[in-house]
Enquirer: 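First the structure, then my questions, so here it is.
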Amino acid sequence: MAKTQYWLIKSEPSVYAYAQLEKDGETEWTGIRNFEARNNLRAMRPGDLCLYYHSNEDKAVVAVAQVLTEAGPDSTAPGEDWASVRVGPVVALSAPVALATVKKTAALKDFPLITRSRLSVTPITAAHFKLILKLGGTALPKASQPG
DNA sequence: GCCAACGTTGGC
DNA sequence: GCCAACGTTGGC
């Protein structure tokens with residue numbers, strides 16, 4: 001089994017909020033129209049964990065989601081060379097970690113929310129992932145723990 | 001609603 | 001292959 005990778009994925013809550021993902025059980029993560037983000041999608045593997053960030057209205061990391069499938073074609077762009085994966089919910093953070101908090105935290109100064117603010121799918125380090133969970137007062141459910 | 005950042009496109 | 005123009009994203 002490959003080592004778990006960690007990602008940051010962003011969505012506007014008015015478009016697709018984490019609560020919707022919990023309701024749906026899983027969703028196809030579509031609409032990525034940026035080459036770098038697409039390549040990141042294609043590097044995802046089932047079991048990888050994602051921090052789920054709400055842009056615009058919330059401006060906070062609100063939850064953890066999980067990659068369910070390898071990247072496939074984006075069904076919302078038939079015939080074009082884009083990618084999508086299926087993702088499912090893991091756990092909502094008991095305390096969402098606001099962008100302002102991330103900015104104030106020295107250990108997160110290289111977090112892609114700050115350094116690559118406009119990229120919607122970015123890899124993150126295990127250390128950053130764990131720190132966000134800690135700041136969010138949340139532990140992974142046992143079934144979702146890497147390893 | 002404004003504006004800065006930045007990826008993409010297209011003219012040369 | 002460079003670079004200006006343009007469009008989009010997202011914070012404020």
Side-chain angles (χ1 to χ4, degrees), chain A residues 2-140 144:
Chain A
K3 200 173 163 208
T4 302
Q5 303 175 99
Y6 299 93
W7 308 92
L8 174 72
I9 60 178
K10 303 200 296 187
S11 179
E12 293 188 37
S14 59
V15 175
Y16 197 88
Y18 181 73
Q20 188 65 42
L21 180 60
E22 280 191 325
K23 206 166 141 192
D24 293 347
E26 66 172 85
T27 194
E28 187 187 353
W29 202 258
T30 57
I32 303 298
R33 297 291 182 272
N34 170 287
F35 295 119
E36 193 176 352
R38 182 198 67 186
N39 293 342
N40 287 334
L41 281 178
R42 288 186 173 155
M44 288 182 172
R45 295 293 174 261
D48 284 358
L49 295 171
C50 307
L51 292 177
Y52 197 112
Y53 177 77
H54 279 175
S55 62
N56 286 336
E57 292 108 280
D58 277 6
K59 281 172 289 183
V61 178
V62 296
V64 179
Q66 186 170 37
V67 177
L68 301 176
T69 62
E70 302 273 339
D74 184 338
S75 65
T76 65
E80 292 179 49
D81 191 23
W82 295 111
S84 73
V85 296
R86 299 195 75 82
V87 298
V90 174
V91 65
L93 300 187
S94 7
V97 179
L99 177 62
T101 306
V102 172
K103 284 186 169 172
K104 277 189 297 189
T105 305
L108 291 171
K109 69 172 168 41
D110 296 326
F111 200 60
L113 269 185
I114 296 169
T115 58
R116 307 298 313 279
S117 63
R118 295 184 56 232
L119 191 58
S120 52
V121 181
T122 57
I124 58 175
T125 65
H128 282 164
F129 180 84
K130 284 173 189 161
L131 180 54
I132 294 285
L133 247 63
K134 191 177 160 194
L135 291 171
T138 303
L140 285 179
S144 304

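Side chains are part of it too, since the values below use all heavy atoms of this structure and drop only hydrogens, waters and symmetry mates. Below, chain A is the first sequence line, B the second, and so on; all start at residue 1.
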Enquirer: What is the distance, to the nearest angstrom, from the CG atom on A:D58 to the C1' atom on C:dG11?
Expert: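 Distance, rounded to whole Å: 14 Å.
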Enquirer: Could you tell me whether A:R42 and A:E70 have a side-chain N and a carboxylate O separated by less than 4.0 Å?
Expert: no
Enquirer: Whole Å only: how far is the CD atom of A:E12 from the P atom of C:dT8?
Expert: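 Those two atoms, CD and P, are 13 Å apart.
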Enquirer: Would you kindly give the CG-to-P distance between A:L8 and C:dG10, to the nearest whole Å?
Expert: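 Interatomic distance, CG of A:L8 to P of C:dG10: 11 Å.
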Enquirer: Of all the choices, B:dC6, B:dG7, C:dG11, which nucleotide is nearest to the side chain of A:R118 once you look at every atom?
Expert: B:dC6
Enquirer: Looking at A:D74 and A:R38, is there a salt bridge between them, counting it only when a charged N and a carboxylate O are closer than 4.0 Å?
Expert: no
Enquirer: Listing request: all side chain to side chain donor-acceptor pair (under 3.5 Å) pairs with a residue in residues 93-104 of chain A, at least two apart in sequence or in separate chains.
Expert: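 Counting only pairs at least two positions apart or across chains, the side chain to side chain donor-acceptor pair (under 3.5 Å) contacts touching residues 93-104 of chain A are A:S94-A:T138.
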Enquirer: Can you check the A:L119 CG to C:dG11 C1' distance for me, whole Å?
Expert: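 Atom-to-atom, A:L119 to C:dG11, this comes out as 16 Å.
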Enquirer: Base, sugar-phosphate alone, or nothing: which one does A:L99 contact when heavy atoms must sit under 4.0 Å apart?
Expert: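 Since only primed, P, OP1 and OP2 atoms lie under 4.0 Å of A:L99, the category is sugar-phosphate.
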Enquirer: Give a yes/no answer on whether the side chain of A:K103 brings an N or O atom under 4.0 Å of OP1 or OP2 in C:dC12.
Expert: yes
Enquirer: Among the nucleotides B:dT8, C:dG10, C:dG11, which one has an atom lying closest to any side-chain atom of A:K10?
Expert: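 Given the options B:dT8, C:dG10, C:dG11, the side chain of A:K10 is closest to C:dG10.
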Enquirer: In this structure, how many angstroms lie between the P atom of C:dG10 and the CD1 atom of A:I114, rounded?
Expert: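 For the pair A:I114 CD1 and C:dG10 P, the rounded distance is 15 Å.
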Enquirer: Using only side-chain N and O atoms of A:R33, determine if any of them is under 4.0 Å from OP1 or OP2 of B:dG7.
Expert: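 Looking at the OP1 and OP2 atoms of B:dG7, neither is under 4.0 Å from any side-chain N or O of A:R33.
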Enquirer: Describe, in one word, how the ring planes of A:F111 and A:H128 are oriented to each other, choosing from parallel (under 30°), tilted (30 to 60°) and perpendicular (over 60°).
Expert: perpendicular
Enquirer: With the side chain counted from C-beta on, respond yes when A:V87 and A:T27 share a heavy-atom pair under 4.5 Å apart, and no when they do not.
Expert: yes
Enquirer: For A:N34, which contact category applies under a 4.0 Å heavy-atom criterion: base, sugar-phosphate, or nothing?
Expert: sugar-phosphate
Enquirer: Round to the nearest Å and state the distance from A:N56 atom CG to C:dT8 atom P.
Expert: 15 Å
Enquirer: For A:F35 and C:dT8, what is the distance between atoms CZ and C1' respectively, to the nearest whole Å?
Expert: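 One finds 14 Å between C1' of C:dT8 and CZ of A:F35, rounded.
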Enquirer: Starting at NZ of A:K59 and ending at C1' of C:dG10, how long is that distance when rounded to a whole Å?
Expert: 9 Å
Enquirer: Within the pair A:Y53 and C:dT9, is there a side-chain N or O less than 4.0 Å away from OP1 or OP2?
Expert: no
